[in-house]
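Numbering of ligands and ligand atoms starts at 1, following listing order. Heavy-atom basis, side chains included; hydrogens, waters and symmetry copies ignored.
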Amino acid sequence: MTNEPTASKGSKDSVGFSTLCVHGGEDRVKPCYSMTDPIFCTATYTFENTASLIEYVTKKLPREEYGRYGNPTEKVLERKLAALEGGEACVTFATGMAAIVCYLIAKLKAGDEIVLFDECYHRTRQFCTAVLGRFGIVTHQIPACDYEKMEAAINKRTKLLISESPTNPHQSVVDLERFAALGKKYGVETLIDATLATPYNMRPLEYGIDCVLHSCTKYLGGHNDLLGGAIIGREETIEMVRKMRGIMGCGNSPHAIYLLLRGLKTFELRMQRHNENGLALARFLESHPRVEKVYYPGLESHRDHAVAKRYMRGFGGLVTFLVKDADAHATARIVDAVKIPRIGPSLGGVESLIEQPIYMSYHDYTPEERRAVGIYDNMIRVACGIENTADLIADFAQALEK
Ligand SMILES: *Cc1c(COP(=O)(O)O)cnc(C)c1O
């Protein structure tokens, strides 16, 4: 896998993925001949004289003006992410949520409608229904991967089809060609939040999806030490979203951008281990007598396994499972018994994390609301880091013995 010549399934890139991770988007000669792209810690950029300012505004020269509109290190990051995703252009944000909010505000007006698969990131769903709803934008939530219901919900006012893939924590995987075809048939833009897949495992643009969104906080940054977001797509769309970012002021800080660029250097290596650990843990759990069910798209038992195999190179580090005959307390004892993963939200970092969704993201839901979205008392979500595979398996083996 490591030295395969193409960047991903179906890719037309001439260099391998890890070469893009290390060098993609970067100038060969950097400021002051620095090896790394420096941090420009400045809020404003100055002009030599009035003539140079006039030249900048009239010729729209490619330089910086004010921190809210951009930063030189960010431009490198955006080129690298566009290269990894195989897209024309990229715009980055302070967080993944800033990216989705800014994109939706840039695109939509009162009377427009969104159709989304309901296993969306809960804050995305909340923003669409509770906030955009106040501005006269209607959101239709469709059961994940029900393409017929999605098509039936499309009408003349529909502006966007949105899904996550894979979804969290159930790991439903979208048939990208089918999803893109729906958008094309009705002239509606499609957006996939591919945070859980990453461009290493899946590249939606190659299958006709219009825009890809990432929370860079997860695998792309990869070290649980920064927040970030990105949208990749056609130049025209990205420039429109970038203008809105300049108004909303939700770009990232120079320091976080630097860390993200640094993290991306090892992105392929990290993803290979995340994929190995995820698959190994999923297989171990599936064969364990105390486990009722495992949600992992790399397992034959997963509903969307065939779709996942078609679109994904690997299946990531996230593993969700149900403990057999366990209530919330018995399940919590397993969470508390593991020694390597820490208890916490998020995923995609080098350190493994574990959580019980009823207490983490869904604590403010009623039991009925939780059951309606498939969140159970005996559910555990593990975000495998890049630790030694055998150590992780041994840790879960001892925790499940208790
Ligand atoms: C974490 C996450 C987000 C939000 O990203 P932040 O960087 O936390 O704002 C959006 N979508 C998915 C799938 C995520 O996992």
Any side-chain donor paired with an acceptor under 3.5 Å for Y200 and Q272? yes
Set of residues that line ligand 1, where lining means a heavy atom lies under 4.0 Å from it: T95, G96, M97, Y121, E164, D193, T195, S215, T217, K218, G228
Under 3.5 Å: donor-acceptor pair, side chain of T266, backbone of L269: no
Can you list everything that forms a salt bridge (charged side-chain N to carboxylate O under 4.0 Å, His left out) with R342? Sequence neighbours excluded, please. none
Extract all donor-acceptor atom pairs below 3.5 Å that involve side chains of residues 27-35 and protein atoms in other chains or at least two apart in sequence.
residue	atom	partner	partner atom	Å
K30	NZ	E26	OE1	2.9
K30	NZ	D27	O	3.0
S34	OG	T36	N	3.2
S34	OG	T36	O	2.5

Look at E286 together with R283 and state whether they make a salt bridge at an N to O cut-off of under 4.0 Å. no
Return the set of residues passing salt bridge (charged side-chain N to carboxylate O under 4.0 Å, His left out) with K339 (not counting sequence neighbours), or none when no residue passes. none
